[in-house]
Amino acid sequence: MEPNGIGELKVPLLQPPEAAAAAVRTVMFQLSDIKCASCVNSVEAVVGGLNGVKSVAVSPLDGRAAIKFDPKLVTVKQVKEGIEESGFGVGELHEQDIAVCRVQIKGMACTSCSESVENALQMVEGVKKAIVGLALEEAKVHFDPNLTDVDKIIETIEDTGFGADLISSGNDANKVFLKLEGVDSVEDVNLLMSSLELAAGVNHVEMDLSEHKVTVSYDPDVTGPRSLIHRVQEASCGPKKYQATLYSPSTQRGRDKVNEIRMYRDQFLFSCLFSVPVFVFAMVLPMFPPYGNWLNYRIHNMLTLGLFLRWILCTPVQFIIGKRFYVGSYHALKRKSANMDVLVALGTNAAYFYSLYILIKALTSDTFEGQDFFETSSMLISFILLGKYLEIVAKGKTSDALGKLTQLVPDKAYLVAIDNDGNITTETEIDTQLIQKNDIIKIVPGAKIPVDGIVIKGQSYANESMITGEARPVDKSPGDKVISGTINENGCLLVKATHVGSDTALSQIVQLVEAAQLAKAPVQKLADNISRVFVPIVVVAALITWLGWFIPGKAGIFPKHWIPTEMDAFELALQFAISVLVVACPCALGLATPTAVMVASGMGASQGVLIKGGNALEKAHKVTVIVFDKTGTLTVGKPEVVSAVLFSEFSMEELCDMTIAVEASSEHPIAKAVVVHAKRLRKKFGSSTVEILDVDDFEVHMGAGVSGKVGDRTVVVGNKRLMHACNILIGSQVEKYISENESLARTCILVSIDGKIAGAFCVTDPVKPEARRVVSFLHSMGISSIIATGDNRATATAIANEVGIDEVFAETDPVGKANKVKDLQMKGMTVAMVGDGINDSPALVAADVGMAIGAGTDIAIEAADIVLVKSSLEDVITAIDLSRKTMSRIRLNYIWALGYNILGMPIAAGVLYPFAGIRLPPWLAGACMAASSLSVVSSSLLLQFYKKPLHIESP
């Protein structure tokens, strides 16, 4: 090594982040025919001998093999082949790490483009799933990092002819992006990376050396952005000072969109500088002889000044401004597909090069006369650019609702420190992105709440309409939760941050809606299937059109006066053929579904209905029956015990102690209500302090109750069905008590101690005030309602009668609910399930459309297709109605897009010309094509005016 360690710099200490991450990777295989240690040794010897393999571990028991390797030296495929060569079978990759990345794609024009990118990505080794959204201009790729990486994915997209920028990779949930200052050398970079990597709670550090940016993955329970910035500052030594500031990579995407809109606008205006004079010289001035005579001045032979000027002005439009169509066509044909660029390039080239032929003939002949189409070529490109500009502006508006959600979070917040008495000792204004978990934030009246948290001091009302759709302000006092992006109306609050950054409810809503906008609706398959054959059919139709006019024209089959005096049969046929090429529009078909889904999902989110993708949106409009859970869905979900009785020699203290001990381990709302009431009774009849006894052999009986051993006593707490299952005798006195309360829509929770009914708790859960009106409205929509509950039949029937539901399935466990859903599906019904608890998850998954109440459990929300943020039943109607309106809009879009092509192509081909003299010039056909895409996007934008069909004011 050289003095001062300079020689170390020859080693690539500053490898790119992806290189460092890829240094050693592990892949798992499932091997067959592994029978003994000898087999293991054979595999380890062969695979271990491969260059780049670091270690091999094979289990002789189950045949699993774990191989660590350097992906720069050996591939997974080579490892797999090495195992197979040693005589053992290799199963599917086992326990793969699946990574996810999101990539912005630039330049997609129609469904053919998005399909080409999707197919190219699916061909990449290691890519498990690729979804490309045309309207969102984004791809979401699931891949095995052992086989490929983000660079390969971006390279694949670029090879298909489109631009690609990485939006995110892996889990961005807990990442902070910092811009470093004061970093001038390799030593600075190494020092800062080491400092950050050694910080508590930091999981991974990635450095962008060129721009001095660093990405830090961290555990939010341990550290946060403010601590990491402070860590960078602490690394300063002597005169060397380091600073770090936040930057947001998402803002780059917004700038790219603005730049794209500006680019199309500038190109259109630039093309107009040339195409408008060409149009005036060709179509306008010749109609006014005194003013247009100078254009007929002959420069040489039959070459006129007008023809020469049209050629000079048209050429920049064709080859400079129109270059994008040539590039797009090249890449499309290279990947063996065809898109709008191919049609435009064919049409404009036919017009331009035929006109160039006319110019050359006029230059070399003193008798030749012909009609040029330079104005066709230049005006066609100008109109298409205008159409693309207007289309991109309109497409940007399809995500307006989502954009408004992301702007709800304020830029600044007041961070405070408090003493033991809750008094503020310090107050600092900070960037909202610097807030960390457990920070205390001061929210002044009228300010937006920056994070999810819990009120620790103060009293106020919060306007949560932007998140839940509920216009009535919600009372907030100490202990209440507040939501990021909502508005504090009148009082000053101190809030302890519980969820920050991308963990907030608002961020999760945005992430869910973005994923929904990327997911394809099944109805999109129609456009995908048409797009595969659309362009070839159009090219063939254009060729047939040209032959259909040229051959009869030359043969004199149709009258001579059909051919304009300034043209011959060839030129007339060529104009019709070019019009057919450019009037056909595959773009409108491709945009019909995704633009409507984008607008609808954004509007749903703004009204408290989160729809997880086009599939859920499409299925919801077909729903014919809705199965409602009872507790927490039709009822308020806050059960209260209204009475407690003893049925044996046990004391009230014993009953309460046994009940509390067993029910304290249950998460069910009724169990929690029983525990609260039992503790209250225990204090009333016994000591002021309640000690919860230990429970052994605790068991949950889904949909029935719980059981366990408290000391040497066996305790069972639950409904009558559970008592029967445990062979516990229910006397006539108990039966009478149960029937009396069940007729009042109350639930009886029985407590058995050592096989005897010791007592019972009577629980009531009031019905939601809007339930009856919602059920009635659903009936008017042609949708029937059913209750499926684990509660007893009498209580369930009483609730059903109260809300107007005729069919009840009671005393049903979670599997029974799912089976009931399947039975309804077997009868040909499209079933929606509305629930809120863990026990509803199987039915939510089994249903065609699962709807989870937003206040329900995470598992239920995860299993559902639609989440009702506000927990109001009226949003069940909103979800179905929005789905119906969206599908109606999509059908209208398809009717317009298909109808336009079906009607436009024959008119462009000259079907009406013999009868009405109507001829569609190519430049006008191009304008029609541009207008068709714009009209489809505009049609989808009308969904922004969607209003709820039923709005019930809270009491």
Side-chain angles (χ1 to χ4, degrees), residues 512 516 519 609-613 615-620 622-635 637 639 665-672 698-707 718-719 721-722 725 747 765 783-793 795-796 799-800 805 807-869 871 873 875-876 879-880:
L512 191 150
V609 178
L610 304 184
I611 302 170
K612 297 183 181 179
N615 192 29
L617 191 65
E618 181 172 343
K619 283 184 177 179
K622 302 176 183 177
V623 169
T624 54
V625 59
I626 296 182
V627 179
F628 288 98
D629 172 48
K630 181 181 75 68
T631 305
T633 303
L634 287 174
T635 63
S665 300
S666 175
E667 290 295 319
H668 198 283
I670 291 179
K672 292 180 179 179
F698 178 78
E699 185 178 355
V700 176
H701 305 271
M702 295 300 289
V706 294
S707 63
N719 58 23
R721 180 159 51 90
L722 179 59
T747 300
D765 187 6
I783 299 172
S784 57
S785 302
I786 296 172
I787 289 180
T789 177
D791 210 340
N792 64 81
R793 176 164 294 278
T795 301
I799 295 289
I805 293 177
E807 199 168 354
V808 175
F809 297 100
E811 301 177 8
T812 307
D813 60 15
V815 176
K817 289 182 182 180
N819 289 336
K820 184 58 198 173
V821 167
K822 292 173 184 176
D823 289 343
L824 293 169
Q825 290 170 331
M826 292 291 288
K827 296 176 183 177
M829 299 179 182
T830 302
V831 184
M833 172 71 195
V834 184
D836 71 322
I838 294 174
N839 59 333
D840 298 319
S841 299
L844 288 169
V845 173
D848 296 289
V849 180
M851 298 187 191
I853 297 295
T857 64
D858 291 341
I859 294 175
I861 291 171
E862 184 67 29
D865 302 300
I866 297 173
V867 180
L868 310 179
V869 176
S871 300
L873 288 175
D875 287 338
V876 173
I880 294 173

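It should be emphasised that the depicted structure is a prediction, and the values quoted were computed from it without experimental measurement.
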Would you please name every residue forming a side-chain hydrogen bond (donor to acceptor under 3.5 Å, both in side chains) with T789, sequence neighbours left out? none
Residue list, side-chain contact (heavy atoms from CB on, under 4.5 Å) with Q825, at least two apart or on another chain: V821, K822, V831, D848
Nearest heavy atoms of A616 and I611, plus distance in Å: CB-CG2, 4.1 Å
Set of residues satisfying side-chain contact (heavy atoms from CB on, under 4.5 Å) with respect to T624, sequence neighbours excluded: M829, T830
Side-chain contact test, heavy atoms from C-beta onward, threshold under 4.5 Å: evaluate it for V834 versus V627 and give yes or no. no
Do I866 and V849 make a side-chain contact, defined as non-hydrogen atoms from C-beta onward lying under 4.5 Å apart? yes
Any side-chain heavy-atom pair of L610 and V869 under 4.5 Å: yes
Could you check if a side-chain atom of T747 sits within less than 4.5 angstrom of a side-chain atom of D765, using non-hydrogen atoms only? no
Taking all non-hydrogen atoms of both residues, which atom of I783 and which atom of V623 are closest, and how far apart? CG1-O, 3.6 Å
Separation between CG of D875 and CD1 of I880, rounded to the nearest 0.5 Å: 11.5 Å
Using the test side-chain contact (heavy atoms from CB on, under 4.5 Å), find all partners of A704 that sit at least two apart in sequence or belong to another chain. H701, N719, R721, L722
Quick one, D865 and L617 - any side-chain contact, counting heavy atoms below 4.5 Å? no
Taking salt bridge (Lys or Arg N to Asp or Glu O under 4.0 Å) as the test, write out the residues that go with K672, two or more places apart. E667
L873 CG to I626 CD1 distance, which is reported to the nearest 0.5 Å: 9.5 Å
Quick one: closest heavy-atom pair of K820 and F809, and the distance? CE-CZ, 2.6 Å
Could you list the residues that satisfy side-chain hydrogen bond (donor to acceptor under 3.5 Å, both in side chains) with S785, not counting sequence neighbours? none
Any idea which heavy atoms bring A810 and R793 closest together, and the distance? CB-CA, 3.4 Å
Can you sort out the partners of V706 under side-chain contact (heavy atoms from CB on, under 4.5 Å), two or more places apart, ordered by chain and number? V662, E663, S666, F698, V700, V717
Quick one: CD1 on I805 to CD1 on I799, what's the gap to the nearest 0.5 Å? 10.0 Å
Which heavy atom of V808 sits nearest a heavy atom of A796, and at what distance? CG1-CB, 3.6 Å
For residues K817 and A788, report the shortest heavy-atom separation together with the two atoms involved. CE-O, 3.4 Å
